[in-house]
Every structure is written in structure tokens, then in C-alpha cells.
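Chain A is the first sequence line, chain B the second, and so forth, proteins listed ahead of strands; every chain is numbered from 1. Both backbone and side-chain heavy atoms feed into the values below; hydrogens, waters and symmetry mates do not.
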There are 2 protein chains.
Amino acid sequence: MKFESQPSYSLGHRTPARREAAASEIGANVTLVSQSALGAINRGRVLQALYDNGPKSRADLARLAGVNRTTITGIVQPMIEEQLLVEGDAAPSDVKGGKPARPLYFNPDAPMLGAVLLLPGTIQACLVALTGEIRAVTKAEFDPFGDRQAFIATLTKTLTSTLSHAHQAPFGIGVASGGMIDSDNGVILAVNLAPVLTGLPLVNILQEHFSLPVVIDHHPRALLVGDRWFGPGRGQQNFAAIYTGEVLGGAFFIDGKVYRGLAGSGGELGHTVVQIDGEICNCGKHGCWETVAALPWLRKEAARLGLPQPGSITCARLVKEAEDGSKAADALLDRYTRNVAFGIVNLQQTLFLNSYVLHGDVAGGGAKAAERVRQHVERLVVKRPSQEISITVNGIGEGHTALRGAAGLVLSSHLKVVI
Amino acid sequence: MKFESQPSYSLGHRTPARREAAASEIGANVTLVSQSALGAINRGRVLQALYDNGPKSRADLARLAGVNRTTITGIVQPMIEEQLLVEGDAAPSDVKGGKPARPLYFNPDAPMLGAVLLLPGTIQACLVALTGEIRAVTKAEFDPFGDRQAFIATLTKTLTSTLSHAHQAPFGIGVASGGMIDSDNGVILAVNLAPVLTGLPLVNILQEHFSLPVVIDHHPRALLVGDRWFGPGRGQQNFAAIYTGEVLGGAFFIDGKVYRGLAGSGGELGHTVVQIDGEICNCGKHGCWETVAALPWLRKEAARLGLPQPGSITCARLVKEAEDGSKAADALLDRYTRNVAFGIVNLQQTLFLNSYVLHGDVAGGGAKAAERVRQHVERLVVKRPSQEISITVNGIGEGHTALRGAAGLVLSSHLKVVI
DNA sequence: GCAGTTAGTTTGTACCTCGCACAAACTTAT
DNA sequence: ATAAGTTTGTGCGAGGTACAAACTAACTGC
């Protein structure tokens, strides 16, 4: 399946950044900002403001950004003509009177975004509208230890089926995957639990097959973007997404942008050391955070303490059993959330993001579990004056956040807010 | 002492950013970039390129930044007229011939920067030229537990003496201080070892006294800026400065800018946990990195192992004794550098900066100590393909790096590369 | 019906980068 | 010595962007 007609107005990404290429060829570490880049930046920021604040009138946007109303008109008008944005019904005017404002927001019928969530054994694909709406979810399974060609066939088939629901060519495809990802080169470096994915140049494969822009990033980063887009991180400039489950991971939103180290590294929190010479970890080192705050630890402890069905213990069950009066469950929940807290404490001492969104197993324990974690963090951190630490769970639901985040990856790679 | 004539060309900071103020008043989280801001940004980047690469011709700068030569001329000409930059002698032309290039660099006679280093009990002040040269160093002492007015008098007297060596009004004064600093509001929040400084609104005091722009930040951040300016971090886009000594701290240069959390927080690495329920720390928590990698730990272990003069043990001495054949010193050095490595490992797993500059006690151990730390880090980190970790010491010398960094703080607060 | 208020647009201006053309200065080949 | 080729640095006009002032549109309240 090939999409022919690329929308001429690809989300503020008008001209390919040939200057960047030229500059990077000679290894320049400095790039000046050109006028046209300035336009793209400001277009991106206006869209960002719309995501952060919901539908807003031109005048509101101007006030929000501290710029002239005419500037906003200039930025917004072409996007309305391209049918990326739409004017809503006139809002009732203020108490003081005046011409009623016409709120602007994303056109639900604008091209959508393709999203793929790749976890060991399962594929999920869907379309995401610019309004955040999720459509045409398709699921499939694959053998994590199987044949590479078979996997690629399954993936393209699933994605083709999903994309066929779109009326027009999507802006691009975003992929979120477990494991270690090189997002710069679009390659899956390694997934311990799904060797078939190891070394897969997925971006090239999908780009060729669908003739669409494709971006890939690792799972926690997709969760982060999903949180930022329509979740608890909405409008925030600094926060982290933390994933707990069979493994631990994290991703950071720093000063208004997603943190990505070289080749898309960063956030491999599972293997930070919290116990020098502690238990051995999957990675071969000792005392990683993952050895005391992931599900394998929880199962082992549940078994040791004689809790019922330790093999299928989760934070959610632990919260429930503790509420039902089990002292043992309560005690274990306390130790579990404390161990989870240590990783967050170390992150807090390092970056002081002050805001953390939990995903995965601990998030399954809901607000109760999050509050326990928060209390441990508060106790364990060196507080600065008037500093509030917020720890929340994303109520939207794991899969949807990751898929939306995968879609958001495409957006953020196009609205280069970074300069 | 009051300086009257502010240079009209304050390092690319032409107009006060009144828009930012307007936008922040209504709590906007989005700011559009204006034309004049763009000019300031690009001016800043050209200066940055000069710092990173040394004297360069207009044509070289244009190539480095990937822009037109005429653009560089437009940026650079006013700065030459303001005598901020000077044209050097014509360089011999290339093998292929052509008009010889005229390298540009900072005018040694341009206004300088005032710098202050404030550590418990001691004050150091100096002038720093835009070329990095340090002049008119003045030192003084103060009673860490003494009277606040007395301290302020000593500080202003010292600084006045230093500043009197300048021919013209400096661009501003940068202060680096130990302890916890609120750099947004210019207040020293707390210094455990010097209570007289606690709660001191130093920026206001100095600004009023000298009528100059004043910035303050904590010690590791000054080291970072010093490293970046003329040290091992020169030209780098991502690295961290790590300070070890009586306490531990760090600061990060991320994606080409100094990382500062809310109110100048961030980098309080000493109190990240590396040993859950480990030894108790000064901060009241258990198992902080500081409990196993700072000088108190080293002294305690040296005493326990019966090393000579454990009370004055340092990394430098340990390296020397190990070289002289002491097995005990060698073993302790290995444990010490390993413990130091754990903090760096955790930082590496979190941000993947790949490059670390050591300061303080471990830096006193020179390249040998750094190499030991590097080997431990290599062993303890989960490596990504083709990832090199560099750990260096700054050979320029502690005090000078911090002073130069303090001066650099003024520069970087004026060449707002951040958008 | 009119004053007051707010939203959005039109018009002209200022600023910035870019591409082109050109003079200046130097090397190499004849 | 002269000509050709190369590189540096500078005017000049074009194109794009944000801004300010002035205007129209639409609504409220008296």
C-alpha cells in the first residue's frame, strides 16, 4: 500500500531542513536560526498551545503567547485554509460585551496519525486523530522467538488493515517498542524478551512499505508523550513517566521537550544501582533498581511471605488485599512502593522534575498505590523550600496512552519545537 | 562603588525582554520567538562558536553554522564596532590561494566580568576577560558562624578591590557558592558549613551595591560552566561536572545548555541512594552516595584499615602511596573509585551524557584516578553499541575553573541561547 | 440608538537571512 | 610579468516574519 498525495502542509514542516544537513556534515556544533525556521517554530508553538489548553480563540492564543493578535492570525490562517484547524461556533461573549470569540481547534477530519505499539508477542495498531481520538484499533500476535520475515509480514498486514480506515493519507506512523531502541537511526537494538526484533531496522522497512514518515521510540517515551498530550502531563514543562512491570524504565520531559540522549538513549532507570553489591540482575550487574522494584521481586517476596497465588501477584491485587484487611499484603505493598520510591527519589535528586506519572504494575494499584509511593518519596528526598512532589497515575489506560504517545511522536518530530 | 556607564552593547542582549514578562504574568507556557529575539539568539550562537573553536574568520563561522557569509558579516560587524570583537592579523592563505582570512576573536580590552567564589570561610574574587584570562585575584576570609553584616562588608570590600582594577565597567558579576542556591531568585538557601550565608539574598545586595547585573549559582554549576568555557567540556554539547570532596555534587550540560531545574535546583547527586538502608547520612537519610564516596568515608576507612595519617587522607595521597607499592592504599583506592563510579553509573543510565569531568578530591588524584573510575563505570554500566564513556579531570585547577565558571554564568545569562 | 468593549483583519514598517554580484588579495601556471 | 583561479568579505535587493496602528465586525448595557 502506498499513499501518494502527501499533504502539502505537513504540520508546520514545510521545507526539508537542508541547512541542518549541511551544517552537520562538517560536524558543526552551532546552528543559527533562519527566518523560515522561525516561522516553523512559532507555528509549532501555537499548535502546542492548542494541545495544552484545548480550543482557544486567536485573541486568547495571542495573550497566551504574549504576541500580537495579527501574528496569530498570520500563523493560523494558512492552517485553517489547509483544513488542519477549524473555527468552532462563536463562544458567548464576555460579561463586558464585545465581539464573540471563535475558538480554534484541530479538524477532526484532518489527516490522522498511524500508531503501533510493539510489546513482546503482541502488536497493536490504530489511527489517532489530531484531536486525540483513537480509531480502528487492530491487534495481532507474533512469535517473539520466531522468524523475522513472518514478523514483518504480520506487522505490515496489521498496519495496512488499520490504515485502510483512513480517508486520506496519514501524516505518518509512530512506533513504540519495548527494549532498547536507537531512535536516531530507527533501529530496534535489542529486546530481551523478543529476540526476533533484535537489530530490526523498522523505520526503513515501514517507510519503504508505506511511503510515509515513520518514527520509532521506546515504550516509556511513548507513555511520556501520551501523558503530555492528553494525560496528566498536559501543559506541563517538566515531568517524568515511570514504567514498572517485568522491567523498569522511564522517560523525561525537560524544559518543554522530550529528553533524548545520543541515538535515543536515556531513561534506562531499571539498571541504576540502589543497592551496591545487592542481588544479581538480568543485566549481570548487582543491586539494580529492577532487582527490588519490578514484578519478579514482588512475586518472590509474595512467595517467601506465603501470600496466596504469589505467581500472579500484582500491585492491584495487593492494594485490594490490603484494603480487605491483610496485614501481610499491606506490609508487602509498603515495601514494594518504598522500593519503587527509591528510583524516583534518585531521579528527583538528579533532575528535580517534581512531577511523576506512573505506568504499568504500580499504576494498576491506582491512586492508593501512587499515594503510598508519594509518601515514601517525600520521606526519602532532601526537600527544598516550597517544593511539592506530585505522583499520579494516568487514568486513561495503558494501551491507549502508549498508542496515543506513539502517534504523538510523529507530531513532535514534525513540530520541531527544538531549535 | 558605582559603575555608571553600562556598555550599550551588552553581549547581544539589546532590549529588555518585556514580552517574556508579559507572557509569564498570565502563566503562559508558550512563547513565540520574535525577530529581534532571533537576532539575539544568533548573535549568541556566533559568540558561542568563537568560544568553542577559538578565533575564526567570518567565512569559517559561516561554514560552521551553515549560513551565508553575509549573515555572519551582519552579525559580527556591529560587535566589532562596539569593540567587543577584534579582527586579528590576516592568516596565511590556504594552499589553493585566495584572499587571506581575518580571524575574529574577543577583544582583550573589552569590558571584563567580575567573578566570586564563595566557599565556607573563604572568599575569592577576580576579573575574567572575555578571552578567559584571569586577573586581579583577591582573597579574603570570613567567619562561617559569624555576623552577617560583617560578612557582607568583607565581601563588598574584597569585590570593590578587585573591580577597581578594571578600566571600564564590567558586564556583570557572577557568584559561585557552595550549598543550596536558588538561582532564580538569587538567594543562598542553605550552606551547612557556613550558617552565616543561610537565607542571604546575595544578588539583590550586590546588585544594589555595584549597580551591575549579578548572577549566582551553586559551585558545581560554576565548575560545569568553567569546564565548558575553556576546560575539557569545551565545544561539547552533553557532559556533566562531578564534584567530590567533603560533599558530593554535580551539574549537567544537556543539549548545549546548562541544566537548571526550578529555582536552580538539580544535580544534588550526593543524596541519591546507592545503598538502601545503608549508613546514615548528614541529611538524615540512609545510604546516600555521599556516605560511601565522600572524604569522611575515605578517612573512616583509612583509619579502619590502619593507613598512615588517616585524618588527612586524600585521593592524591592514595594514588601516590599505591604507586609506591602500598597494597592497602591500592585496595582502598580501588574501593573509593568504585564507590565514586556508582554515582556516575546512575547518572549515565539516566541521562547517557557519556562524558564526565571530575573535580575536587578525586580530581586531585589526576588522570590515574580518573582512569580507575572510568574502568569501574565501564564495568558497571549497561553498554549500548558503540558507546564510549569519557571521564577526565580538569587540569586547569579547581579555583580557576570555578572562578572562570562564575564569570561564564554572567555571559550565559546574557547570551540567552535558550529559546 | 449610542457608547463601550472585545475579536479579528488590513496596511505599512522594521528586522533578519539569503542569493547574487563584485572588489580585494593571494597562489599557481605560463 | 601576466593571466587564471580561488577565497574572503561587502553592497544590494528579495523574501519572509513579527509588530503597531487603524479599521471593521459583533456584542452588551443603558
Whole-Å distance, B:Asn42 CG to D:dT17 C1', equals 14 Å
When rounded to whole Å, the CD1 to P distance for the pair A:Ile41 and D:dA18 reads 10 Å
Query - Distance test, side-chain N/O of B:Thr71 to OP1/OP2 of C:dC18, below 4.0 Å - result: yes
Out of D:dG11, D:dG9, D:dA26, minimum distance to the side chain of B:Ser57 belongs to D:dG9
Separation of D:dG9 atom C1' from B:Ile80 atom CD1, nearest Å, is 11 Å
Side-chain atoms of B:Thr73 come closest, of D:dT8, D:dG9, C:dG8, to D:dG9
From the list B:Arg228, B:Gln236, B:Gln237, side chain to side chain donor-acceptor pair (under 3.5 Å) with B:Asp52 holds only for B:Arg228
To the nearest 0.5 Å, atom CG of A:Asn42 lies from atom CD of A:Gln48 at 12.5 Å
Base, sugar-phosphate, or nothing for B:Arg69, non-hydrogen atoms under 4.0 angstrom?
-> base
In whole angstroms, the gap separating C1' of C:dT6 from CG of A:Asn68 amounts to 15 Å
So which protein nitrogen or oxygen atoms get under 3.5 Å of nucleotides 4-6 of chain D's nitrogens or oxygens?
residue: D:dT6; atom: O2; partner: B:Gly98; partner atom: N; Å: 3.3

Under 4.0 Å between a side-chain nitrogen and a carboxylate oxygen: does that hold for A:Arg260 and A:Asp184?
no
If you count heavy atoms of other groups shown closer than 6.0 angstrom to CD of A:Gln83, is the number above 12?
no
Which of C:dG8, D:dA18, D:dT8 is nearest the side chain of A:Ala101? It is C:dG8
A:Thr70 has its side chain closest, among C:dC18, C:dT9, C:dT17, to C:dT9
Please tell me whether B:Tyr51 and B:Phe106 form a close aromatic pair, meaning their ring centres lie under 6.0 Å apart.
yes
Output for pair (B:Ile134 CD1, B:Phe230 CZ), nearest 0.5 Å, gives 10.0 Å
Rounded to whole Å, CG of B:Leu104 lies from C1' of D:dT8 at a distance of 12 Å
Whole-Å distance, B:Ile75 CD1 to D:dT10 P, equals 13 Å
Atom CD of A:Gln77 and atom C1' of C:dT11 are separated, to the nearest Å, by 16 Å
Next on the checklist: Using the rule given for salt bridge (Lys or Arg N to Asp or Glu O under 4.0 Å), can you reason through B:Glu87 versus B:Arg58, listing the C-alpha separation, both sets of side-chain angles and the distance that settles it, and then say yes or no?
Outcome noted: CA-CA 10 Å; B:Glu87 252 182 352; B:Arg58 297 170 180 79; 2.8 Å; yes
B:Arg102 CZ to C:dA25 C1', in whole Å, measures 11 Å
